[in-house]
Amino acid sequence: MDVHYLSKINFRRWVERLSQEAPLYHPKEINGNLVYQKFISEEEIILGEVRTIGPLKVYFFSLNQRVATYPSPSRIKKGEGLRIFLGVKACDLQSLEILDKVFIEGEYKEPFYLKERKNTILISSDCTKPKDACFCNLVDLEPYPRKGFDLNLSPLKESFLVEVGSEKGEELISRFKDFFNRPSGEQIEEQKENRKKTLNLLKATNTSFKTKKSYQKIVKKNYDSPLWEEEAGDCVECGLCTNICPTCHCYLLYDEKEKRAFNRMRMWDSCQYIGFAQVAGGANPRARLAERLRHRYLHKLDYFKDDFGLYMCTGCGRCVEGCLGKIDMREVLKKLEESK
Amino acid sequence: MRNLYPVRSPRQRRGIRSRKGRITSNEVYLPIEARIEEIIRETPEIKTFLLSPREPLEFKAGQFVQLTVPGVGEAPFTPSSSPHEKETLEVTVMKVGRVTEALHKLKKGQKVGLRGPYGTGYPLDEFKGKEILIVGGGVGLAPLRSLFLTLLHDIDRYKEILLCYGARTPKDLIYKKGLRKWGEEERVELRITVDKGDRKWRGRVGLVTTLLNNLTLDLKKSIAIVCGPPIMMKFTTLKLIDLGYSPKNTYLSMERNMSCGLGQCGHCMIGRYYVCKDGPVFKYSQIKEVPNPFV
């Protein structure tokens with residue numbers, strides 16, 4: 001993998017040029033939280049730190065959108081064309097890899113997701129300040145990207161190391177060759193040190209949550225555990241965990257009337273809602289909240305892992321951070337392992 | 001009435017762009033038009049709709065389609081007609097919810113939409129040379145009728161068919177005309193029961209499981225297929241296992257909440273399976289470990 005050095009001053013010039021080519025989104029701080037914003041000035045860009053408060057999936061898989069019109073079909077615009085995301089963290093890159101499995105790699109391709117995916121350049125960056133809720137190290141990931149990016153930026157003191165991850169990324173460098181230099185051994189060493197430091201921070205946060213067995217084994221083995229009921233007792237069924245999850249992708253198709261035509265709409269749905277699996281006749285395979293909670297864990301940590309070889313969880317900790325009932329996935333899994 | 005729906009090939013239906021690039025791939029969500037050619041009132045709550053899609057919609061027995069009532073929404077149905085009928089297909093629908101109630105109000109000549117077919121059908125190759133036991137309850141006979149007609153089409157491939165059917169009362173029996181004829185076919189035995197008879201009823205009275213009491217089938221060479229309401233599926237399956245059917249030779253047609261049909265939206269999941277993609281036909285051995293398989 002090619003590695004380049006980018007000084008702070010050249011970073012500014014490069015980003016400004018990039019933003020002229022396509023809409024460029026980057027993390028910016030608003031009221032103490034990081035959110036993606038369209039580029040205005042380089043000063044607002046926050047590259048290191050941690051993931052944004054909301055998941056990246058919203059830019060690929062809309063909360064609610066029209067997916068078809070009938071009886072006479074009309075062409076529905078898919079996306080706004082090429083765009084660049086800067087400062088995406090490893091967990092959110094992984095979430096796209098997971099969603100690809102569902103929306104692109106199956107028998108049916110999800111046309112809107114596919115289009116946005118093709119239209120997006122991903123320039124990721126290393127985490128430097130994981131939050132207390134972060135636990136990517138517990139789901140086989142690291143707080144810095146290994147794959148799935150076009151370019152990755154590792155913040156150094158007053159500069160960046162740039163790794164190339166794809167041909168698209170290579171192009172973004174070769175077209176602005178003058179901005180990039182060869183990195184020195186020291187700089188590469190600095191990147192390594194920084195990464196180690198972040199990983200150690202993350203490990204320290206999660207020491208008490210670390211389990212001996214894999215998450216998959218734990219949920220498999222504790223299928224009948226009374227703990228599911230106990231944990232579900234704190235759930236208020238708000239659906240936040242699934243909405244804010246970067247990998248949850250359940251949706252509902254519904255039709256609405258518009259003048260002479262009908263629109264088929266697609267809206268995010270949540271497996272935590274009571275009516276989610278209920279059939280018209282009234283039968284409900286997951287009528288109990290505990291069953292729905294368990295289903296969510298099993299889908300993420302067992303079924304998906306079996307089907308695709310990876311967890312449907314990136315350890316981003318958004319569900320932990322946002323849960324109204326203060327249900328912490330790490331804690332639930334730890335308790336499950338220890339219960340006997 | 002002008003044709004309201006576009007004509008599309010199966011390639012296009014799967015969301016693959018045509019060479020001219022005119023067809024947009026969002027058609028994975030788009031229904032094709034079908035005209036209601038005939039409506040048969042089976043019971044006060046159940047109607048069979050004969051539909052002619054604007055382009056042939058080929059399916060295998062056991063696969064399902066998503067039927068759109070314009071402006072109301074979609075619901076999944078397994079066609080009840082023979083897949084050998086290429087021009088039309090039939091769905092038998094009980095009035096139980098929002099979409100089915102709207103469908104029941106439609107008249108002959110009106111249009112609905114169809115998307116599909118989706119899912120796996122019955123694995124007919126595995127049925128060859130076997131004695132086949134089909135057990136249906138109530139409106140659950142609908143997908144089994146499609147299977148039965150498929151088997152009948154090539155009856156020489158199979159040793160024998162025993163069709164057992166139960167309904168609540170004689171008034172709740174569906175396909176009354178068909179049933180009479182089916183019993184006269186060679187290699188076919190038909191057993192019908194109702195939970196509760198009426199004055200005119202001369203047939204058997206008892207739950208559908210009572211029809212399984214004196215089976216003459218050679219269990220080792222037999223396979224069983226079950227479809228019906230949850231409670232009937234449960235007790236029938238358990239009885240079959242009790243009688244000596246192996247879970248591998250027992251097939252169930254599962255009913256679940258479906259939205260996309262594409263194996264994505266998550267509604268139909270039971271355990272690790274997407275019923276729309278991995279089913280709706282399952283071997284009992286596949287799903288017996290799944291939580292609440294019969295709910």
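FYI, side chains are in, hydrogens and waters are out, and symmetry mates aren't considered; it's all heavy atoms of this structure. All values reported here derive from a predicted model rather than from experimental measurement. Within every chain, numbering begins at 1; the chains are lettered A, B, ... in the order of the sequence lines, protein sequences first and strands thereafter.
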Completion exercise
From the list B:C260, B:P230, B:A75, the residue making the most non-hydrogen contacts under 4.5 Å with chain A is B:C260
Problem - Proximity breakdown for A:Y254 and chain B, heavy-atom pairs closer than 4.5 Å - result: neither
Handout entry: Heavy-atom contacts under 4.5 Å, residues 228-249 of chain A to chain B
Key = A:H249
Handout entry: Among B:I270, B:V290, B:L262, B:T100, residue most engaged with chain A (heavy-atom pairs, under 4.5 Å)
Key = B:L262
Handout entry: Structural part of A:F304 lying under 4.5 Å from a heavy atom of chain B
Key = neither
Problem - Donor-acceptor pair, side chain of B:H267 and main chain of A:Y251, under 3.5 angstrom - result: yes
Practice task
Report yes if the side chains of A:P285 and B:R256 come closer than 4.5 Å at any heavy-atom pair, otherwise no.
Solution key: yes
Exercise for the section: Examine distances only and state if a side-chain atom of B:N257 and a backbone atom of A:A280 form a donor-acceptor pair shorter than 3.5 Å. Expected result: no
Handout entry: Interface residues of residues 89-97 of chain B facing chain A - non-hydrogen atoms under 4.5 Å apart
Key = B:V96, B:G97
Exercise for the section: May I ask you to test the B:R115-A:L253 pair for a side-chain heavy-atom distance under 4.5 Å? Expected result: yes
Practice task
State, yes or no, whether a side-chain contact exists between B:P31 and A:R264 at a heavy-atom distance under 4.5 Å.
Solution key: yes
Exercise for the section: Report yes if some heavy atom in the side chain of A:D255 is under 4.5 Å from a heavy atom in the side chain of B:T68; otherwise report no. Expected result: yes
Handout entry: Minimum side-chain heavy-atom gap B:Y29-A:Y70 below 4.5 Å
Key = no
Handout entry: Distance-minimising heavy-atom pair for B:L30 and A:T69
Key = CD1-O, 3.3 Å
Practice task
Select one option (side chain, backbone, both, neither) describing which atoms of A:D269 are under 4.5 Å from chain B's heavy atoms.
Solution key: side chain
Problem - Beyond-backbone contact of A:H299 with B:R272, side-chain heavy atoms, under 4.5 angstrom - result: no
Practice task
Could you check if a side-chain atom of B:V28 sits within less than 4.5 angstrom of a side-chain atom of A:K109, using non-hydrogen atoms only?
Solution key: no
Practice task
Determine, step by step, whether B:E255 and A:V279 satisfy the side chain to side chain contact (heavy atoms under 4.5 Å, CB included) criterion, reporting the C-alpha distance in whole Å, the side-chain angles of both residues, the deciding distance to 0.1 Å, and the verdict.
Solution key: CA-CA 8 Å; B:E255 180 208 20; A:V279 298; 4.2 Å; yes
Handout entry: Value rounded to 0.5 Å, distance of SG in B:C265 from CH2 in A:W268
Key = 15.5 Å
Handout entry: A:F262, part contacting chain B, at a heavy-atom distance under 4.5 Å
Key = side chain
Exercise for the section: Kindly state each residue pair satisfying side chain to side chain donor-acceptor pair (under 3.5 Å) with at least one member in residues 277-287 of chain B, sequence neighbours excluded. Expected result: B:E126-B:K283
Exercise for the section: Could you tell me whether the side chain of B:Q264 and the main chain of A:G106 form a donor-acceptor pair under 3.5 Å? Expected result: no
Practice task
Verify, without hydrogens or angle tests, whether B:S259 (side chain) and A:L252 (backbone) share a donor-acceptor contact under 3.5 angstrom.
Solution key: no
Practice task
Please flag which part of A:E258 lies under 4.5 Å from any non-hydrogen atom of chain B: side chain, backbone, both or neither.
Solution key: neither
Problem - Minimal non-hydrogen separation, B:G266 against A:R286, with atom names - result: O-NH2, 4.3 Å
Problem - Which residues share a side-chain contact (heavy atoms from CB on, under 4.5 Å) with B:K108, sequence neighbours left out - result: none
